[in-house]
Structure formats: C-alpha cells, structure tokens
K.L.:
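Quick one: the structure is below, and I'll ask about it shortly.
Note that this is a predicted model, so its numbers are computed, not measured.
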Amino acid sequence: MEVVGDASGSEPGEIRALKPCLLRRNHSREQHGVAASCLEELRSKACDILAIDKSLAPVTLVLAEDGTIVDDDDYFLCLPSNTKFVALARNEKWAYHNSDGGTAWISQESFDVDETDSGAGLKWKNVARQLKEDLSSIILLSEDDLQVLIDVPCSDLAQELCQSCVTVRGLQNTLQQVLDQREEARQSKQLLELYLQALEKEGSVLSKQQESKAGFSDESDAVDTGLSRESSSETALTSQLLTALKEKPAPELSLSSQDLELVTKEDPKALAVALKWDIKKTETVQQACNQELSLRLQQIQSLHSLRNISARKNSLPGELQNPKRAKQDPTEYS
C-alpha cells in the first residue's frame, strides 16, 4: 500500500509519496525506521530521531552500503524503499559497517584494501557494477562471469546493486536461465555434429577421408615450414582464451563478447599455429564466434530500441501533467 503525505517543501495541495527509509548514526548499530517525501524532511527527522544537536548542522545523508552522498531529491526518489542511510553531523566521516557480521567495524580505507587483496571479490563487484550501469549487458557476459554472479550471496549482491533481496534473487534466476540456454545450445550443436558424423560414415567416404588426411599432413608440413616462424606468442589472444577455444565444446557460447571480437579479428594463420589446428577448422570456429557476436549485438540493439520506445511513451505531455507513482509492493514492508 502506498503511503502519502504532505511534504513541507511541496506546493500547497500537492500530495507526494512517502518513502520508507532506515536511519542510523555513524558508528551506531541502532536503526530507526522513518518515512519522508523528500530529502529535507528526512534530514529534519534524522535530527529529531537521532538527537543530533543543531549546532552540528548541516546534516549530510549518505548511503550506508558505500557512503554515497545523497543530496539530490530526484536521486532520493529513485532509491528503493527501506534504503539504509547514515546521518553525518558536521565534520563527521562515513565508516563502513558490515551489518551481516554484526561485529565487524572497519574504515572505508581498510575495506578498499581488503577488496583489492581479494581477487574473487573484486571480480564479482566489477561485473555487478557493469550490470548496474546497463542490465542488458547480461547478454555480453561470459559464462564464467555469469556463474560468478550466481554464486555471490544474495545479500552481498543486493547491497552492491542497491536493490532488495527479492529483486536480486530474480536477477540471479535470470542469469541461471541465460547459462542454461547457452548449455542447451551447446548440446544441440554437439548432437548435430554427431549426426553429421554418422551420415558421413554411412556414406562410406573412406577415400575422401584418406585424401583429407593426406591433405592435412601436407598442410601441416606447410605450416611447419612456412608458418613455424610465427610463434604462438604473436597472437593477441591470452593463453586462457586459447585454452577455452581448444578445450570447450562450442567455445563461442562460453566467451564474452569482447573475447569473441578478439577471436574474429585474429589472423586465421596465426590462430591456427597457436591452436595447432588446420586452417579450415580455425576459420570455422572464427565464423561461429562472429555469428554469436552478431546475435548478441542484435539482442542489445533490440533491448535499447524497446527501452527508447518505452521512454518516449512515458514522456508524453498528457502523462507529464498527471504523474503517477507505481504502488509499492506490500511485501516490501513485511
């Protein structure tokens, strides 16, 4: 149910929605639930509820999870319900509080050092920030990045994305579906390859196979004599990426869009030497990577087009005259 009230800074007769928030002082574990329609009202209530002396004004409100200063009403209205705020009196500095641990109080500086020391923690946070900037980038992520976000505890990911645990659980389910879809596509390709191999055996094309083997040996000799001077180190691809191309079935489904682009731009001869493959197999893999990259980019363009259409509909003059706020989900208050 939506809670409404009159804000002190609003025009006469204007009704603005009240946003439920959680307030606490710096270095304090005690939280207070309040509802405010704007930042000024939240600051005023913070002074009263948290007993902040007026001589310590002005009060600064920051997000409890990362210390972001909130001084814009529009940004305040975009934050989800029950967002946690820390009220800082004059000359106070924000300090990180690990609410999950209950006893771990550390400064933001030491928190940053811990994150830098933890490679795994830094990786999932970087991927999470990428999603926070553009949710459609899910399509561009590698399978490893998708799995990293799925494995992160829901509460940690919710804190990083500034979303509720319910929303983040839905996001992680979506990430799992993307992973499952890629695995299904991989299995379909493997089945198709097995079917084609069976047809080839039934056709009794032994002579062609022998010619292919002979041609492959000649081509290998040519590669050894003509291309052996081009070492695998000349390729721009990392050893991890080359390993994925060699060992994973349908590797184009495992790679990120950035890696796909690197593979498609690589010289086929240099890539063949690095992978110890023949040119035909190398070009086939490059073509598959190019097709997968094109498909993902088309999906991104479609999402952006739908987003632009939705934005234009939401900005119609008739709707601007009578703005409406979506009703809050009752479960958010439970």
K.L.:
Evaluate whether atom CD1 of Ile69 has more than 12 neighbouring non-hydrogen atoms of other residues, nucleotides or ligands under 6.0 angstrom away.
P.N.:
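Open: at most 12 neighbouring heavy atoms sit under 6.0 Å from CD1 of Ile69.
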K.L.:
List for me each residue that meets side chain to side chain contact (heavy atoms under 4.5 Å, CB included) alongside Thr282, sequence neighbours excluded, and say none if there are none.
P.N.:
Leu271, Ala272, Trp277, Gln286
K.L.:
Check whether the side chains of Ser142 and Asp144 place a donor and an acceptor atom closer than 3.5 Å, and report yes or no.
P.N.:
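No, Asp144 and Ser142 have no side-chain donor paired with an acceptor closer than 3.5 Å.
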K.L.:
Could you tell me whether the side chain of Glu41 and the main chain of Ser37 form a donor-acceptor pair under 3.5 Å?
P.N.:
yes
K.L.:
With Asp72, which residues qualify under side chain to side chain contact (heavy atoms under 4.5 Å, CB included), at least two apart?
P.N.:
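Checked Asp72 against side chain to side chain contact (heavy atoms under 4.5 Å, CB included); matches are Asp74, Tyr75.
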K.L.:
Can you tell which of Glu292, Glu143, Glu252 makes a salt bridge (Lys or Arg N to Asp or Glu O under 4.0 Å) with Arg186?
P.N.:
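Only one of Glu292, Glu143, Glu252 forms a salt bridge (Lys or Arg N to Asp or Glu O under 4.0 Å) with Arg186, namely Glu143.
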K.L.:
Output all residues satisfying side chain to side chain contact (heavy atoms under 4.5 Å, CB included) with Thr83, sequence neighbours left out; order by chain, then residue number.
P.N.:
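Only Leu63, Leu79, Pro80, Phe85 meet the side chain to side chain contact (heavy atoms under 4.5 Å, CB included) criterion with Thr83.
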K.L.:
Judged by atom type as modelled, is there a donor-acceptor pair below 3.5 Å linking the side chain of Asn26 to the main-chain atoms of Ala87?
P.N.:
no
K.L.:
So, Asn173 and Gln177: side-chain donor and acceptor under 3.5 Å apart, yes or no?
P.N.:
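No, because no side-chain N or O of Asn173 sits under 3.5 Å from a partner of the opposite role on Gln177.
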K.L.:
Check Glu133 with Arg129, please: is the shortest side-chain N to carboxylate O separation under 4.0 Å?
P.N.:
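The answer is no: the pair does not qualify as a salt bridge.
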K.L.:
Around atom CD of Gln187, are there more than 12 heavy atoms of other residues, nucleotides or ligands at under 6.0 Å?
P.N.:
yes
K.L.:
List the steps and the verdict of side chain to side chain contact (heavy atoms under 4.5 Å, CB included) for Leu157 and Leu161.
P.N.:
CA-CA 6 Å; Leu157 187 56; Leu161 297 178; 3.9 Å; yes
K.L.:
Check step by step if side-chain hydrogen bond (donor to acceptor under 3.5 Å, both in side chains) holds for Gln130 and Asn126.
P.N.:
CA-CA 6 Å; Gln130 185 178 347; Asn126 288 336; over 6 Å; no
K.L.:
Treat each ILVMFWY residue as a node, draw an edge where side-chain heavy atoms are under 4.5 Å apart, and state whether Leu179 and Leu295 are in one component.
P.N.:
no
K.L.:
What verdict does the side chain to side chain contact (heavy atoms under 4.5 Å, CB included) test give for Gln287 and Glu283, after you've listed the backbone C-alpha separation in whole Å, the side-chain angles of each residue and the deciding distance to 0.1 Å?
P.N.:
CA-CA 6 Å; Gln287 184 179 5; Glu283 290 178 342; over 6 Å; no
K.L.:
Do you know which two heavy atoms are closest between Leu39 and Asp73, and how far apart they sit?
P.N.:
N-OD1, 2.8 Å
K.L.:
Can you check side chain to side chain contact (heavy atoms under 4.5 Å, CB included) on Leu23 and Leu42, steps first, answer last?
P.N.:
CA-CA 9 Å; Leu23 275 174; Leu42 186 60; 3.9 Å; yes
K.L.:
Do Val86 and Arg25 pass the side chain to side chain contact (heavy atoms under 4.5 Å, CB included) test, and can you show the C-alpha distance, the side-chain angles, and the key distance before you say yes or no?
P.N.:
CA-CA 6 Å; Val86 175; Arg25 286 296 300 272; over 6 Å; no
